[in-house]
Chemist: 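One structure follows; several queries about it will come next.
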Amino acid sequence: MDARSLRGLAHPLRMRILDLLVLDGPDTATGLGRRLDENTGTVSWHLRHLADHGFIEEETGRGTRRERWWRAVRVARRLDTNDFRDDPDSRGALAVYLHETVHRDFGQVTTYLAEEWAAEWRDAGTLSRWQDLRLTPDQLAALNAEVEAVVVRHREAAAEDGAAPGAEEARPVIVQLQSFPRKERDER
């Protein structure tokens, strides 16, 4: 993701809109406004802004001129925060983006915990934490790359198995990984 894209996305409402389109599929400004408890005109303005930056696109052949359907553009985007930390023009957008991302992830976890799930789904999910690791920066980067590769492999296998027996039982799944170094007591 470049600085222009980051600045285009780094707004709480735009990030929520994009999240809904990614997770739940296409929708209209009216539908999104209802779900987000926002004015349709405001949502429509943010949709156009997201489209200008290539995050979403109009779903042609659906709706009317008055009722436009929007969908997320399925493009892999990678944000390397190091690209923006020293750029004063992007630092604010980076802070907003990271803040909203952490709040979104927290909200998704608390929603999951508050919901009722059948035993097989409840038992399949996990909130795990390992705090006994001591890694170098290279080892931490390798750990993250391996976990990402596992997630990508499962996503690709699920896409291939879409018509396989049992696929109708599949549900959307969110994988959150938070791995970061921690200062030693005497460094704080």
Side-chain angles (χ1 to χ4, degrees), residues 1-79 81 84 89-118 121-122 124-125 127 151-152 154-156 158-163 166-178:
M1 189 180 313
D2 62 16
R4 181 180 179 278
S5 297
L6 176 62
R7 286 190 299 273
L9 178 59
H11 183 281
L13 184 54
R14 281 195 288 272
M15 290 178 69
R16 289 172 50 212
I17 290 169
L18 182 58
D19 225 27
L20 288 177
L21 293 175
V22 168
L23 294 172
D24 298 333
D27 206 342
T28 64
T30 302
L32 290 163
R34 193 176 314 115
R35 294 169 67 194
L36 295 166
D37 197 27
E38 292 285 342
N39 176 290
T40 300
T42 301
V43 171
S44 183
W45 185 86
H46 285 289
L47 284 165
R48 287 190 303 277
H49 201 76
L50 287 167
D52 288 344
H53 286 85
F55 291 102
I56 67 170
E57 63 189 5
E58 187 172 356
E59 191 169 67
T60 56
R62 186 172 183 181
T64 64
R65 182 160 166 74
R66 188 161 161 75
E67 179 188 69
R68 298 168 70 183
W69 283 79
W70 298 92
R71 67 176 170 224
V73 174
R74 301 288 180 170
V75 175
R77 288 189 175 87
R78 185 170 209 80
L79 174 70
T81 59
F84 306 103
D89 293 334
S90 300
R91 196 175 302 132
L94 177 63
V96 169
Y97 178 83
L98 294 174
H99 180 268
E100 292 302 316
T101 297
V102 169
H103 279 276
R104 176 203 61 207
D105 292 354
F106 175 77
Q108 289 170 336
V109 169
T110 56
T111 298
Y112 162 71
L113 293 173
E115 293 171 334
E116 291 293 325
W117 287 96
W121 282 105
R122 186 184 61 242
L127 297 178
V151 171
V152 168
H154 281 270
R155 181 177 55 214
E156 290 170 354
E160 291 173 9
D161 293 343
E168 63 276 357
E169 295 176 10
R171 299 181 72 84
V173 172
I174 296 171
V175 177
Q176 296 180 358
L177 172 65
Q178 300 159 1

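As the structure is a computational prediction, the values presented were derived from the model and not from experiment. The chain is numbered in sequence order, starting from 1.
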Chemist: Less than 3.5 Å apart, which donor and acceptor atoms pair up between the side chains of residues 93-107 and the rest of the protein, not counting sequence neighbours?
Modeler:
| from | atom 1 | to | atom 2 | distance (Å) |
| --- | --- | --- | --- | --- |
| His99 | NE2 | His103 | NE2 | 3.0 |
| Thr101 | OG1 | Tyr97 | O | 2.8 |

Chemist: Applying side-chain contact (heavy atoms from CB on, under 4.5 Å), name anything that partners Arg34, two or more places apart in sequence or on another chain.
Modeler: Thr30
Chemist: Sequence neighbours excluded, which residues qualify as salt bridge (Lys or Arg N to Asp or Glu O under 4.0 Å) partners of Glu58?
Modeler: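 Partners of Glu58 by the salt bridge (Lys or Arg N to Asp or Glu O under 4.0 Å) criterion, ordered by chain and then number, come out as Arg68.
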Chemist: Run the side chain to side chain donor-acceptor pair (under 3.5 Å) test against Arg171 and tell me which residues pass, sequence neighbours left out.
Modeler: none
Chemist: Quick one: list whatever passes side chain to side chain donor-acceptor pair (under 3.5 Å) with Glu156, sequence neighbours left out.
Modeler: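 Expected list: none.
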Chemist: Once side chain to side chain donor-acceptor pair (under 3.5 Å) is applied, do any residues pair with Trp121, and if so which ones, sequence neighbours excluded?
Modeler: none
Chemist: The criterion is salt bridge (Lys or Arg N to Asp or Glu O under 4.0 Å); which residues satisfy it with Arg155, sequence neighbours excluded?
Modeler: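 Expected list: none.
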Chemist: Check salt bridge (Lys or Arg N to Asp or Glu O under 4.0 Å) between Arg74 and all other residues, then give those that pass, not counting sequence neighbours.
Modeler: none
Chemist: Which pairs, with at least one residue in residues 24-48 and sequence neighbours excluded, count as a ring-ring contact (aromatic ring centres under 6.0 Å, His included)?
Modeler: His11-His46, Trp45-His49
Chemist: Name all residues meeting the side chain to side chain donor-acceptor pair (under 3.5 Å) criterion together with Arg7; count only those two or more places apart in sequence or in a different chain, and write none if there are none.
Modeler: Ser90
Chemist: Checking Glu116 now: which residues fulfil side-chain contact (heavy atoms from CB on, under 4.5 Å) with it, not counting sequence neighbours?
Modeler: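 Partners of Glu116 under the side-chain contact (heavy atoms from CB on, under 4.5 Å) test: none.
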Chemist: Can you run down the salt bridge (charged side-chain N to carboxylate O under 4.0 Å, His left out) pairs that involve residues 35-53, sequence neighbours left out, and say none if there aren't any?
Modeler: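 Sorted result for residues 35-53: Asp24-Arg35, Asp27-Arg35.
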